[in-house]
Amino acid sequence: QVQLVESGGGLVQAGGSLRLSCAASGRTFSNYAMGWFRQAPGKEREFVAAINWSGGSTYYADSVKGRFTISRDNAKNTLYLQMNSLKPEDTAVYYCAAGEGKYSRVVRTTYDYWGQGTQVTVSS
């Protein structure tokens, strides 16, 4: 079992930045590929970014490419999402997820563990 706790969400003006963190516990963090997803009101949960076990391979949704950066610190059991140039359409609850296995993946159903989410609100 892996426990995931997100933090770092909040209210920010358009063009601003936020850094989300996801603290993992329970199992060996480096055994898991990690990802960030988000869910806006009335919409399905969507892929944002993914990273493999070592941090050497990353993937991004087209909507965030060039603005968001996913990273991980295996020594600290923590996943990060640096979000720059935020837009109102980035407003959502952001979730981190862990998938068993070392290779990154973008499909929501391939992740095994989820955090409770952190709210990000971008005002125009």
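Please read these numbers as outputs of a predicted model, since none were measured by experiment.
- Minimum interatomic distance between Tyr60 and Ala49 (heavy atoms only, all atoms of both residues): CD2-CB, 3.7 Å.
- Linking Ile, Leu, Val, Met, Phe, Trp and Tyr residues whenever their side-chain heavy atoms come within less than 4.5 Å places Leu79 and Tyr32 in a single cluster.
- Closest approach of Pro88 and Ser124 over heavy atoms only: CG-CB, 3.9 Å.
- In this structure, Arg72 forms no cation-pi arrangement with Tyr80, as its terminal cationic atom is not both closer than 6.0 Å to the ring centre and no more than 45° off the ring axis.
- If you take CG on Asn31 and NZ on Lys102, they are separated by 4.5 Å, rounding to the nearest 0.5 Å.
- When all heavy atoms are compared, the tightest approach of Gln3 to Gln1 is NE2-CG, 3.2 Å.
- In summary, the aromatic rings of Tyr111 and Phe37 are positioned with their centroids under 6.0 Å apart.
- Among residue pairs with one or both ends in residues 27-78, none qualify as disulfide bond (SG atoms under 2.5 Å apart); sequence neighbours excluded.
- Note on Tyr59: it does not cluster hydrophobically with Val64, by side-chain heavy-atom contacts below 4.5 Å among ILVMFWY residues.
- A centroid separation of 6.0 Å or more is found between the aromatic rings of Trp53 and Tyr103.
- At least one side-chain heavy atom of Val48 sits less than 4.5 Å from a side-chain heavy atom of Leu81.
- Within the 4.5 Å cutoff, no side-chain heavy atoms of Gln39 are placed close to those of Glu46.
- Leu4 and Val106 fall into different hydrophobic clusters, where Ile, Leu, Val, Met, Phe, Trp and Tyr are joined by side-chain heavy atoms under 4.5 Å apart, directly or via other members.
- The backbone N or O of Glu89 sits nowhere less than 3.5 Å from a side-chain atom of Thr91 that would complete a donor-acceptor pair.
- Between Phe68 and Tyr94, the angle of the ring planes lies from 30° to 60°, which puts this pair in the tilted group.
- Val120 is not connected to Phe47 by any chain of hydrophobic side-chain contacts under 4.5 Å among Ile, Leu, Val, Met, Phe, Trp and Tyr, and they are in different clusters.
- Atoms OG and CG, from Ser63 and Asp90 in turn, are 7.0 Å apart once rounded to the nearest 0.5 Å.
- Between Thr121 atom OG1 and Gln119 atom CD the span is 4.0 Å, to the nearest 0.5 Å.
- Hydrophobic clustering (ILVMFWY, side-chain heavy atoms < 4.5 Å, transitive): Tyr113 and Trp36 are in one cluster.
- At a threshold of 4.5 Å between non-hydrogen side-chain atoms, the residues Gln116 and Val5 count as touching.
- Taking CZ from Arg105 and CD from Glu100, the interatomic distance works out to 9.0 Å, rounded to the nearest 0.5 Å.
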Hey, can you pull the donor-acceptor pairs under 3.5 Å for the side chains in residues 7-30, sequence neighbours left out?
{"residue": "Ser17", "atom": "OG", "partner": "Asn84", "partner atom": "OD1", "Å": "3.0"}

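- A salt bridge links Lys65 to Asp62: at least one charged side-chain nitrogen sits closer than 4.0 Å to a carboxylate oxygen.
- You'll find the side chain of Arg67 reaches within 4.5 Å of the side chain of Lys87, heavy atoms only.
- Between Thr109 atom OG1 and Arg45 atom CZ the span is 12.5 Å, to the nearest 0.5 Å.
- Remark: the backbone N or O of Thr118 is not paired with any side-chain donor or acceptor of Glu6 at under 3.5 angstrom.
- In this structure, SG in Cys96 is found 12.5 Å from CD1 in Ile51, a value given to the nearest 0.5 Å.
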